[in-house]
> 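Take this structure first; my questions come after.
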Amino acid sequence: MNISFETKSNFTVIHLTGRIDVTNSNDLETELIRLFEDDRYNLLINCAELNYISSSGLRVFLLAQKKVMAAQGDLIICSLQPMIREIFDISGLSTIFKICKSEEEALQKI
Amino acid sequence: MNISFETKSNFTVIHLTGRIDVTNSNDLETELIRLFEDDRYNLLINCAELNYISSSGLRVFLLAQKKVMAAQGDLIICSLQPMIREIFDISGLSTIFKICKSEEEALQKI
Amino acid sequence: MEAKGKIQFVLDNKVDELSLLSAKVETMADLWDFSDSQTMNLNLVLEEAISNILFYAFDDDSEQKIYLILEYDDETLSVEIMDSGKPFDPTRQGPPDITLPAEERSIGGLGIFLINKLMDHVEYCRKENMNMLTLKKRIK
Amino acid sequence: MEAKGKIQFVLDNKVDELSLLSAKVETMADLWDFSDSQTMNLNLVLEEAISNILFYAFDDDSEQKIYLILEYDDETLSVEIMDSGKPFDPTRQGPPDITLPAEERSIGGLGIFLINKLMDHVEYCRKENMNMLTLKKRIK
Ligand SMILES: Nc1ncnc2c1ncn2[C@@H]1O[C@H](COP(=O)(O)OP(=O)(O)O)[C@@H](O)[C@H]1O
Ligand SMILES: Nc1ncnc2c1ncn2[C@@H]1O[C@H](COP(=O)(O)OP(=O)(O)O)[C@@H](O)[C@H]1O
């Protein structure tokens with residue numbers, strides 16, 4: 001997994017690349033917690049290059065959603081590959097997260 | 001397989017890349033015959049990038065050697081990868097061909 | 001060309017083995033012409049099942065072996081996972097409530113649920129002091 | 001992690017199948033942690049044996065199936081190749097004279113010789129109207 005950050009409007013755009021699994025989901029959690037400590041609660045997670053996620057990754061997303069909601073921030077997930085989107089659907093996470101097709105669509109909605 | 005040609009001194013240097021197997025050894029034969037029709041019987045075959053050969057490829061090498069000898073030309077094979085060299089050794093071809101470690105060594109011997 | 005077959009793996013009870021395994025599974029899935037999505041789902045199911053063994057099956061941190069068999073035949077993928085940890089039957093685990101809003105949802109408990117959702121057939125038995133989990137999925 | 005297992009292939013009697021097969025064999029060899037040289041030798045042996053079936057086993061150009069089993073277990077690679085072509089026992093084929101000078105050497109006839117040299121064990125039998133060639137090699 002590779003994580004990179006970018007600032008657009010008042011949002012932090014997070015690009016996730018590769019796999020999020022049980023061996024590295026802690027790294028993602030650490031990075032997100034660092035953002036929260038910086039008071040950055042407006043997050044757009046771009047998953048265009050994410051090609052694997054397991055429950056350990058979903059766990060971190062859900063955790064982030066809870067923290068963002070508690071701080072009245074905003075979390076948007078965009079550009080999910082269909083096979084990843086399927087996992088979100090099955091897990092009932094598609095109704096919990098704001099999900100957008102593309103980064104453009106997400107940035108328009110902000 | 002990819003075949004490319006280069007002229008050095010009075011030799012045609014042939015670079016072979018990839019695999020020579022039963023599906024493409026005819027292509028190599030065709031290219032060599034074209035050289036012979038052009039009266040080019042001094043050949044240096046650089047095998048640095050050759051990573052597979054089967055008996056159909058050895059057959060073409062042997063055919064070339066016969067034609068070169070009949071025309072009193074010179075055929076040198078250089079830069080064989082160890083696993084390919086092993087196949088030449090097993091087949092008794094290492095004593096039939098002039099084999100050099102590197103293209104430099106071969107060009108010095110010419 | 002048609003390929004089918006059966007591969008057995010023996011894994012140590014270490015998390016690092018999961019990364020090695022996922023590469024090998026991709027290799028097999030490639031051989032069997034699985035789609036990217038089928039391959040990801042297979043890797044996901046294996047990760048969920050095996051990480052549960054790594055995390056919960058053994059009380060001490062002794063070295064243990066986990067046995068995995070992957071078989072693809074007659075358009076059916078079969079997975080068999082065996083461990084010598086404490087008895088645990090995942091088929092008796094109730095599903096999490098995935099209809100709850102974010103505030104009330106537990107952040108864990110999706111692993112066994114995903115295994116059940118992604119596979120057609122999940123069977124557990126305890127045999128000779130081993131947990132044996134059999135998973136099947138029709139592919140294609 | 002340790003991997004072993006058995007894969008069956010069904011090939012049509014077409015030369016193109018050899019290219020597809022070599023990619024699949026590299027995949028398997030990768031799974032079994034074979035070296036580049038071991039992988040090339042396996043592919044070479046398969047090419048020699050299967051191309052002989054393609055070229056010599058059938059008198060007409062009817063569509064036929066060739067069955068291939070690759071198995072790696074207990075540090076032994078086993079290959080089984082079956083075809084329904086005319087009876088042919090490669091173990092009865094005399095070796096070519098590889099000591100002859102270039103002028104006198106035949107340019108063919110190395111295929112079966114290489115199979116014998118690269119494998120530890122070569123066995124042929126005719127069974128139910130099929131040629132069955134079994135090859136074995138200790139690996140590692
Ligand atoms: N092999 C096992 N041995 C004992 N308990 C297990 C085993 N596998 C799972 N469990 C229990 O089942 C629960 C649910 O597992 P799972 O659905 O994978 O979600 P998670 O691992 O996120 O909790 C685990 O929290 C654990 O208490
Ligand atoms: N399956 C087969 N059926 C009949 N004849 C065969 C078969 N395989 C090989 N042969 C015969 O054995 C000979 C030697 O085969 P081989 O050592 O592979 O060299 P090559 O194919 O270059 O002649 C072939 O030329 C052919 O006459």
Side-chain angles (χ1 to χ4, degrees), chain C residues 1-36 38-39 42-43 46-47 49-51 53-54 63-83 139-140, chain D residues 1-36 38-39 42-43 46-47 49-51 53-54 63-83 139-140:
Chain C
M1 187 186 327
E2 197 193 293
K4 52 187 191 175
K6 183 169 171 171
I7 300 290
Q8 292 114 292
F9 298 90
V10 183
L11 291 83
D12 298 319
N13 58 331
K14 295 187 186 123
V15 176
D16 297 346
E17 293 278 81
L18 285 171
S19 308
L20 290 173
L21 180 66
S22 74
K24 303 254 177 200
V25 167
E26 273 172 31
T27 292
M28 289 309 301
D30 192 41
L31 184 82
W32 291 332
D33 294 322
F34 286 10
S35 70
D36 285 354
Q38 288 162 343
T39 306
L42 171 56
N43 257 328
L46 293 176
E47 180 186 326
I50 295 172
S51 63
I53 298 172
L54 298 176
E63 287 185 17
Q64 303 287 343
K65 297 288 181 196
I66 300 167
Y67 302 88
L68 167 65
I69 301 175
L70 296 185
E71 184 167 8
Y72 183 57
D73 197 359
D74 296 329
E75 305 189 349
T76 300
L77 168 71
S78 308
V79 177
E80 220 168 87
I81 304 170
M82 276 161 292
D83 69 84
I139 303 254
K140 250 168 252 181
Chain D
M1 190 184 330
E2 198 194 294
K4 52 187 192 174
K6 183 169 171 171
I7 299 290
Q8 292 113 292
F9 298 91
V10 183
L11 291 83
D12 297 321
N13 59 332
K14 294 187 185 123
V15 177
D16 296 346
E17 293 278 81
L18 286 171
S19 308
L20 289 175
L21 180 66
S22 73
K24 303 253 179 201
V25 168
E26 273 171 33
T27 292
M28 289 309 299
D30 192 40
L31 184 80
W32 291 332
D33 293 323
F34 286 10
S35 70
D36 285 354
Q38 288 162 342
T39 306
L42 171 56
N43 257 328
L46 293 176
E47 180 186 325
I50 294 171
S51 64
I53 298 171
L54 298 175
E63 286 184 20
Q64 303 288 344
K65 297 288 180 196
I66 301 166
Y67 302 88
L68 167 65
I69 301 176
L70 296 185
E71 184 167 7
Y72 183 56
D73 197 357
D74 296 329
E75 304 189 348
T76 299
L77 167 72
S78 307
V79 177
E80 220 167 87
I81 303 171
M82 277 161 292
D83 70 85
I139 302 253
K140 251 170 251 179

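Every chain is numbered from 1, with letters handed out A, B, ... down the list of sequences.
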> For chain C against chain D, print all donor and acceptor atom pairs separated by less than 3.5 Å.
unit_1	atom_1	unit_2	atom_2	d
C:Glu2	N	D:Val10	O	3.2
C:Glu2	O	D:Val10	N	2.9
C:Lys4	N	D:Gln8	O	2.8
C:Lys4	O	D:Gln8	N	2.7
C:Lys6	N	D:Lys6	O	2.7
C:Lys6	O	D:Lys6	N	2.7
C:Gln8	N	D:Lys4	O	2.7
C:Gln8	O	D:Lys4	N	2.9
C:Val10	N	D:Glu2	O	3.0
C:Val10	O	D:Glu2	N	3.2
C:Lys24	NZ	D:Leu31	O	2.8
C:Lys24	NZ	D:Asp33	OD1	3.1
C:Lys24	NZ	D:Asp33	OD2	3.4
C:Leu31	O	D:Lys24	NZ	2.8
C:Asp33	OD1	D:Lys24	NZ	3.1
C:Asp33	OD2	D:Lys24	NZ	3.4

> List the atom of C:Met1, the atom of D:Leu21, and the distance in Å for their closest heavy-atom pair.
CE-N, 3.3 Å
> Considering non-hydrogen atoms only, spot the tightest contact between D:Ala3 and C:Ile7 and give its length.
CB-CG2, 4.5 Å
> Measuring heavy-atom distances to chain C, does D:Ile69 have an atom under 4.5 Å in its side chain, in its backbone, in both, or in neither?
neither
